[in-house]
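So that the names make sense, note that chain A is the first sequence line, chain B the second, and so on, each numbered from 1. Only heavy atoms go into these numbers, but all of them, side chains included; no hydrogens, no water, no symmetry mates.
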Number of protein chains: 2
Amino acid sequence: MSRQRTARKPSISSDKSSKTRRPGGLRKISANGRGTIRESNEVRLLQAAETVFAERGFSGATTAEIAARAKLPKANLHYYFRTKAELYRAVLANVLELWLDELDRFTPEREPAEAIAEYVAAKLKWSRMRPNASKVFANEILHGAPFMKSYLSNDLRRRVEDKAEVIRHWIARGKMRPLDPKHFVFQLWAVTQHYADFDVQVRAVLGRGRLTDRDFAAATENISALILHGCLTPSGSR
Amino acid sequence: MSRQRTARKPSISSDKSSKTRRPGGLRKISANGRGTIRESNEVRLLQAAETVFAERGFSGATTAEIAARAKLPKANLHYYFRTKAELYRAVLANVLELWLDELDRFTPEREPAEAIAEYVAAKLKWSRMRPNASKVFANEILHGAPFMKSYLSNDLRRRVEDKAEVIRHWIARGKMRPLDPKHFVFQLWAVTQHYADFDVQVRAVLGRGRLTDRDFAAATENISALILHGCLTPSGSR
DNA sequence: GTCTATATATGGATAGAC
DNA sequence: GTCTATCCATATATAGAC
């Protein structure tokens, strides 16, 4: 769960000065065989930060609140993450790992109906399980992606480019209607993330204190049906 | 363009103490027949505020930046709007006026295909013309709707309830597939607002400096086609 | 590696002259 | 009704004792 740049992770570090790590070197190797204090503290800070950044945004979040939620003194937070921005970057990097891989179901050999239904279900599962991750991401984009712009224009853009090619293949094979592949991906993103990012509105309209399993099941079914009927050719849907 | 509560506007004032207006009374009635100084200053502040709140969120926005963008000294802003929160509330109220009415196209007598296509086109037009309005709203919801929660649970909820009834009618008449009406509305909202709220991501993926008329035309067509094929019965789509 | 105390900056809001 | 100067609260970040 290290937040080190290992060069295989999507890097969002390029936008600002990427400072070097902790003084480094003397990593505590405790009797139980792990540098556990640092690790567990970092994880707790990252989890607390995800919640607070989701609820308050970058500017609204305070290091004091994050530290309190992680049950650590504020100065300790600054020991592990020199600046608020560095902590935020680490949270964002964690979030991206979640988002990235689900699109990999889109391969030319697969049936679009299956791949798309699975994707919708998977994204909605994340919206339920990690709503704060989704919100941090949404907030970042909403405000112009100051920390993530280069990631969007590089990693993400290429990835969508690839998947658009797969969708074009499906269309050419007569399995999908002749739609614009990239706009189709936007629409998948939009409907699946809505339930995490706009949950307050969804709950208010449905009159729920919190969204239940049944609500998410209903959302998944409705979205799948709408999207599949919307994008498949009659023969493609079998 | 007054921001007064006239009781017919959707009220968002109930969450916090709604302070009385300016000292009041002596409204300048200038030679040209309008209280123009106040009015034009208020409008400029509201427009500046919409932009800044959209870009930075409530906490990230500073009254200094808003005032600068409106080309007024900061103290002047506080003369017209006592607090940052009051100014924010006024911006939100403006935004809600835009959002509310478009759903009125949903009436039992109309053909769903037409009503829905018009709605999608109208919402996307707003996403293009007033992206900042959309972003302010999105940001408010994203962070738990601290200023708007009661509006969501009352006005908005009732409104969606009404429209859900219309959709059920369409379904009963065999014009639409048997979907969940409220989830369907969520999906309409999600896809149409995506292009305003997530424009940075959309632009990055499409490789555009800014979204063009053609991009919005493509979005409109793609969304309409997906949604209509997705929700109409074969006979319903004629 | 932890934590108290504090330096420093920023931003919301207002006093009071014009 | 306008605007300069300023008050004061809050927040990031660090120094330095433990």
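Put simply, B/Asn76 has no side-chain N or O that comes within less than 4.0 Å of OP1 or OP2 on D/dT4. One finds a side-chain N or O of A/Arg38 lying less than 4.0 angstrom from the OP1 or OP2 phosphate oxygen of C/dG1. Within the 4.0 Å cut-off from OP1 or OP2 of D/dA11, not a single side-chain nitrogen or oxygen of A/Thr63 is found. Considering only side-chain N and O atoms, B/Tyr80 lies under 4.0 angstrom from the phosphate OP1 or OP2 of D/dT2.
We find that NZ of A/Lys74 is positioned 7 Å from P of D/dT12, with the value rounded to whole Å. Counting to the nearest Å, the C1' atom of D/dT14 and the CG atom of A/Leu77 are 13 Å from each other. Atom P of nucleotide D/dA13 and atom CD1 of A/Ile66 are separated by 11 Å, given to the nearest angstrom. In this structure, NZ of B/Lys71 is placed 17 Å from C1' of D/dC3, rounded to the nearest angstrom. The OH-C1' distance, from A/Tyr79 to D/dT14, rounds to 14 Å in whole Å. Taking atom CD on B/Glu65 and atom P on C/dG11, their separation rounds to 9 Å, with Å as the unit. Rounded to whole angstrom, the span from the NZ atom of B/Lys84 across to the P atom of C/dG11 amounts to 9 Å. Note: CZ (A/Phe81) to C1' (D/dT14) measures 18 Å, nearest angstrom.
Looking at heavy-atom distances under 4.0 Å, A/Ala67 makes no contact with the nucleic acid at all.
Relative to the side chain of A/Ile37, the nucleotides C/dG1, C/dA13, D/dT2 differ in distance, and C/dG1 lies closest. With C/dA13, D/dT14, C/dG11 as the choices, the nucleotide that has an atom nearest any side-chain atom of B/Thr62 turns out to be C/dG11. Of the listed nucleotides (C/dT2, D/dT14, D/dT12), D/dT14 has the atom at the smallest distance from the side chain of A/Ala75.
Heavy atoms only, all atoms of each residue included: A/Val200 and B/Ile141 are closest at CG2-O, 3.6 Å.
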Please lay out, stage by stage, how B/Asn139 and A/His143 fare under the test side-chain contact (heavy atoms from CB on, under 4.5 Å). CA-CA 9 Å; B/Asn139 188 65; A/His143 297 122; 3.1 Å; yes
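Each of A/Phe137, A/Tyr88, A/Phe53 was scored for a ring-ring contact (aromatic ring centres under 6.0 Å, His included) with A/Phe147, with one residue passing: A/Tyr88.
With salt bridges taken as basic N to acidic carboxylate O contacts below 4.0 Å, none links B/Lys135 and B/Glu50. With salt bridges taken as basic N to acidic carboxylate O contacts below 4.0 Å, one links B/Asp104 and B/Arg159.
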